[in-house]
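As structure tokens, the structure follows; a few thoughts come after it.
The shown structure was predicted, so the numbers you read here are calculated from the model rather than taken from an experiment. Start at 1 with the first residue, then count along the sequence.
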Amino acid sequence: MKLGASVFPRKMIPIEKSLEYFESNRYIDYMELFHDYPNRDMNEEKDLIDKMNSYDLKYTVHAPFIEVNPASVNPALSKAAIEEIKRSIDLANTLDSDIVVIHPGRSIFNNDKEYMKEVYAIAEKNLKTIGEYAKDNGVHTCIENLPRLRGFMYQDINQLHDSLERTDLPMTLDIGHAYTAGFTVDDVYFDNIKHIHIHDNDGVHDSHLPLGDGIIDFKKFFEIFSKNNYDGIYNFELSSKDYIEKSIEYLKSLKLI
């Protein structure tokens, strides 16, 4: 089982300190970098990049999404979003990483069907542009299903799958997000999943709990993906070291590590 974990952006822990923790954790092979505030300018920090490359770690990159929206109906803003996400692809190349996770977009007027039809068309067009740039650079841009929050697009994982089939792009499955949108472990396997975020919740709130603290049937989840020969990374997307340690103990209890 390939395990990764995200850095802790909301805790404002410096990348250097996160490196020390992940390097010392014998179960974590991959570190997912949150390429947004306050780490947006990592690309230009040569000393930091050199230090990261000196560690015995592999990396994945989460493209910015706080104020970055590739589905924006304002062409100037969607163009800026594309350029920001391309910077994450460039960062991945610098770190010899081939996985960049992308949020597909948002729109607050999601109760207007005709309007949203246009917004989804914009999202597909821009994600395809990003995907082509990534393929030219040997990187997989894995588009993530989003949680049940107002304005977030592609909460319906089947809709995301259909869109990615049309654009020939891989998926990041976020099982916690899927549960908030009403999907269970029986509903979420697709052949184009290339990366997975794992965290638990109560089926309503996107709370990013440790594995075993919510209602998600992870035993069955891992059985399904193992049966289908998934060989990508299972990436903890949790808010603290304690949550990671608790989730590792949970995987041990399932005899998966």
Side-chain angles (χ1 to χ4, degrees), residues 4-25 28-72 74-106 123 125-144 146 169-170 172 174 194-195 197 208 232-233 235-241 244:
S6 301
V7 296
F8 317 116
R10 295 174 191 169
K11 303 293 185 184
M12 300 299 181
I13 298 172
I15 291 288
E16 290 86 349
K17 277 204 166 184
S18 295
L19 281 166
E20 293 169 13
Y21 167 70
F22 289 120
E23 175 80 351
S24 67
N25 189 314
I28 303 295
D29 298 312
Y30 294 83
M31 177 173 167
E32 184 165 85
L33 301 162
F34 184 67
H35 194 207
D36 209 329
Y37 177 81
N39 303 317
R40 187 259 179 190
D41 294 323
M42 287 180 62
N43 304 52
E44 287 78 42
E45 297 178 28
K46 185 178 183 304
D47 289 345
L48 176 59
I49 297 296
D50 288 345
K51 182 171 185 177
M52 292 174 68
N53 281 326
S54 74
Y55 277 77
D56 189 24
L57 280 168
K58 300 170 187 174
Y59 301 97
T60 61
V61 178
H62 198 308
F65 64 88
I66 294 174
E67 295 178 353
V68 172
N69 182 14
S72 175
N74 182 321
L77 296 181
S78 60
K79 181 180 179 182
I82 291 169
E83 293 306 311
E84 282 296 295
I85 295 169
K86 283 181 177 180
R87 291 181 74 255
S88 293
I89 294 166
D90 296 340
L91 176 63
N93 263 330
T94 304
L95 296 168
D96 197 26
S97 167
D98 66 351
I99 298 287
V100 175
V101 177
I102 298 173
H103 280 201
R106 59 191 181 278
K125 176 176 176 289
N126 291 335
L127 291 172
K128 186 173 182 179
T129 297
I130 292 164
E132 287 170 354
Y133 180 81
K135 287 173 187 175
D136 289 343
N137 285 276
V139 174
H140 299 290
T141 46
C142 302
I143 316 303
E144 183 176 1
L146 299 185
L169 292 171
T172 290
D174 189 304
K194 203 154 192 77
H195 190 61
H197 284 166
H208 289 251
I233 303 161
N235 190 85
F236 295 125
E237 205 171 51
L238 303 166
S239 60
S240 73
K241 297 174 186 178
I244 291 174

Those residues that, when tested against N69, pass side chain to side chain contact (heavy atoms under 4.5 Å, CB included) (two or more places apart): A71, S72, R106

Donor-acceptor pairs under 3.5 Å, side chain of residues 125-132 to any protein atom, not counting sequence neighbours: which ones?
residue : atom : partner : partner atom : Å
N126    : ND2  : P70     : O            : 2.8
N126    : ND2  : I122    : O            : 3.4
T129    : OG1  : K125    : O            : 3.1

Partner residues of E20 under the salt bridge (charged side-chain N to carboxylate O under 4.0 Å, His left out) criterion, sequence neighbours left out: none

Salt bridge (charged side-chain N to carboxylate O under 4.0 Å, His left out) partners for E84, two or more places apart: R40

Partner set under side chain to side chain contact (heavy atoms under 4.5 Å, CB included) for F65, not counting sequence neighbours: F34, H62, H103

Stepwise side chain to side chain contact (heavy atoms under 4.5 Å, CB included) test for D174 and V101: CA-CA 11 Å; D174 189 304; V101 177; over 6 Å; no

Residues which pass side chain to side chain donor-acceptor pair (under 3.5 Å) with D56, listed by chain and number, not counting sequence neighbours: none

Y21: partners by side chain to side chain donor-acceptor pair (under 3.5 Å), with sequence neighbours left out: N25, E245

With sequence neighbours excluded, residues passing side chain to side chain donor-acceptor pair (under 3.5 Å) with T172: none

Side-chain donor-acceptor contact under 3.5 Å, S6 with N235: yes

Set of side chain to side chain donor-acceptor pair (under 3.5 Å) partners for E16, sequence neighbours left out: none

Test item: Y59 side-chain N/O and M52 main-chain N/O as donor-acceptor pair under 3.5 Å: yes

Salt bridge (Lys or Arg N to Asp or Glu O under 4.0 Å): pairs with one or both residues in residues 90-101, sequence neighbours excluded: none

Side chain to side chain contact (heavy atoms under 4.5 Å, CB included) against E67, all qualifying residues, sequence neighbours excluded: none

Polar contact flag, side-chain donor to acceptor under 3.5 angstrom, S239-H208: no

Which residues share a salt bridge (charged side-chain N to carboxylate O under 4.0 Å, His left out) with D136, sequence neighbours left out: none

